[in-house]
Trainee: 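Structure in structure tokens, see below.
Here, residue 1 is the first one in the sequence, and each next residue gets the next number.
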Amino acid sequence: MTSTEPADVFESHRGRLFGLAYRMLGSAADAEDTVQDAYLRFSGADPARIEQPGAWLAKVVTNLCLNRLTSARARREEYAGPWLPEPVLTSDGTLGPLESAEQATPCPWRCCSCSNG
């Protein structure tokens, strides 16, 4: 039996929505804010008009991200440094996009590899 409560339906899509928002925004905090904004819109929408909640939520999150990026671009124009995405910890220990194998290697091995180079 599947629940039709807005909160339950939303929670079943939360992980995918967060991933979508994070990939677009590069910030876990902004992604979480965007997902929360999407929930507020979803809980206030008429359920009879939403045939596919997953697709509807993905569209809302995408539009909210694009709005945030437009305003972020205006804010970043004043920032002189490079803009890099914020790292997110993974539960399985895999390397993130900005990590290298040397960072995952224990310190004694790392020191040996550095002294040989």
Side-chain angles (χ1 to χ4, degrees):
M1 180 172 132
T2 60
S3 175
T4 58
E5 291 294 320
D8 294 335
V9 173
F10 179 81
E11 284 301 319
S12 69
H13 296 284
R14 178 184 279 280
R16 184 172 61 92
L17 298 172
F18 177 82
L20 173 65
Y22 176 73
R23 285 188 299 276
M24 289 185 73
L25 299 172
S27 165
D30 287 344
E32 188 60 39
D33 288 346
T34 301
V35 170
Q36 289 301 319
D37 289 345
Y39 173 74
L40 293 175
R41 291 177 188 225
F42 183 66
S43 64
D46 180 14
R49 296 187 55 140
I50 301 174
E51 293 179 24
Q52 299 290 325
W56 189 91
L57 286 164
K59 179 67 173 175
V60 168
V61 167
T62 300
N63 288 341
L64 290 170
C65 287
L66 292 173
N67 291 343
R68 281 185 182 265
L69 288 171
T70 302
S71 65
R73 186 177 304 123
R75 284 182 278 143
R76 272 199 307 270
E77 286 177 359
E78 299 172 7
Y79 179 67
W83 181 82
L84 298 172
E86 158 187 319
V88 173
L89 295 176
T90 57
S91 61
D92 61 355
T94 58
L95 294 176
L98 299 177
E99 295 177 316
S100 65
E102 288 83 18
Q103 291 171 318
T105 306
C107 185
W109 293 106
R110 215 176 338 152
C111 295
C112 292
S113 67
C114 293
S115 63
N116 290 338

Trainee: So, for Cys65 and Ala21, which heavy atoms are closest and what is the spacing to 0.1 Å?
Mentor: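 Minimum heavy-atom contact is SG-CA, 3.6 Å.
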Trainee: Under the criterion side-chain contact (heavy atoms from CB on, under 4.5 Å), I'd like the reasoning laid out for Arg41 against Leu57: C-alpha separation, chi angles, the key distance, then a yes or no.
Mentor: CA-CA 9 Å; Arg41 291 177 188 225; Leu57 286 164; over 6 Å; no
Trainee: Can you sort out the partners of Arg23 under side chain to side chain donor-acceptor pair (under 3.5 Å), two or more places apart, ordered by chain and number?
Mentor: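 Checked Arg23 against side chain to side chain donor-acceptor pair (under 3.5 Å); zero matches.
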Trainee: Check the pair Val61 / Met24 against side-chain contact (heavy atoms from CB on, under 4.5 Å), numbers first and verdict last.
Mentor: CA-CA 10 Å; Val61 167; Met24 289 185 73; 5.9 Å; no
Trainee: To the nearest 0.5 Å, what is the distance between CD (Glu11) and CG (Asp8)?
Mentor: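 It comes to 8.0 Å.
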Trainee: To the nearest 0.5 Å, tell me how far Glu32 CD sits from Arg14 CZ.
Mentor: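 If I round to the nearest 0.5 Å, the distance is 5.0 Å.
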Trainee: Please report the shortest heavy-atom distance between Val9 and Pro53, naming the atom on each side.
Mentor: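 In terms of heavy atoms, the two residues are closest at CG1-CB, 3.6 Å.
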Trainee: Locate the shortest heavy-atom distance separating Tyr22 from Ala31; write the atom from each residue and the value.
Mentor: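 Closest pair (atom of Tyr22, atom of Ala31, distance): N-CB, 3.5 Å.
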Trainee: Roughly how far apart are Arg68 CZ and Asn63 CG, rounded to 0.5 Å?
Mentor: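 With rounding to 0.5 Å, CZ (Arg68) is 13.5 Å from CG (Asn63).
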Trainee: Which residue pairs pass the salt bridge (charged side-chain N to carboxylate O under 4.0 Å, His left out) test with at least one member in residues 45-56, sequence neighbours excluded?
Mentor: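 Pairs touching residues 45-56 that pass the test: none.
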Trainee: Which pair of non-hydrogen atoms, one from Ala28 and one from Phe18, has the smallest distance, and what is that distance?
Mentor: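 Scanning both residues, the minimum pair turns out to be O-CE1, 3.6 Å.
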Trainee: Please determine whether side-chain contact (heavy atoms from CB on, under 4.5 Å) holds for the pair Phe42 and Ile50, giving the CA-CA distance in whole Å, both sets of side-chain angles, and the decisive distance to 0.1 Å.
Mentor: CA-CA 9 Å; Phe42 183 66; Ile50 301 174; 3.9 Å; yes
Trainee: For Phe10 versus Ala38, what's the shortest heavy-atom pair and its separation?
Mentor: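 Of all heavy-atom pairs spanning Phe10 and Ala38, the closest is CE1-C, 4.4 Å.
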Trainee: Supply the atom-to-atom distance Leu25 CG to Leu69 CG, rounded to the nearest 0.5 angstrom.
Mentor: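 One gets 5.0 Å once the value is rounded to the nearest 0.5 Å.
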Trainee: Give a yes or no answer on whether the side chain of Arg16 reaches the backbone of Gly54 with a donor-acceptor pair at less than 3.5 Å.
Mentor: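 Answer holds: yes.
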Trainee: Identify the heavy atoms of Leu20 and Thr62 that sit nearest to each other, and give their distance.
Mentor: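 So the minimum-distance heavy-atom pair works out to CD2-OG1, 3.6 Å.
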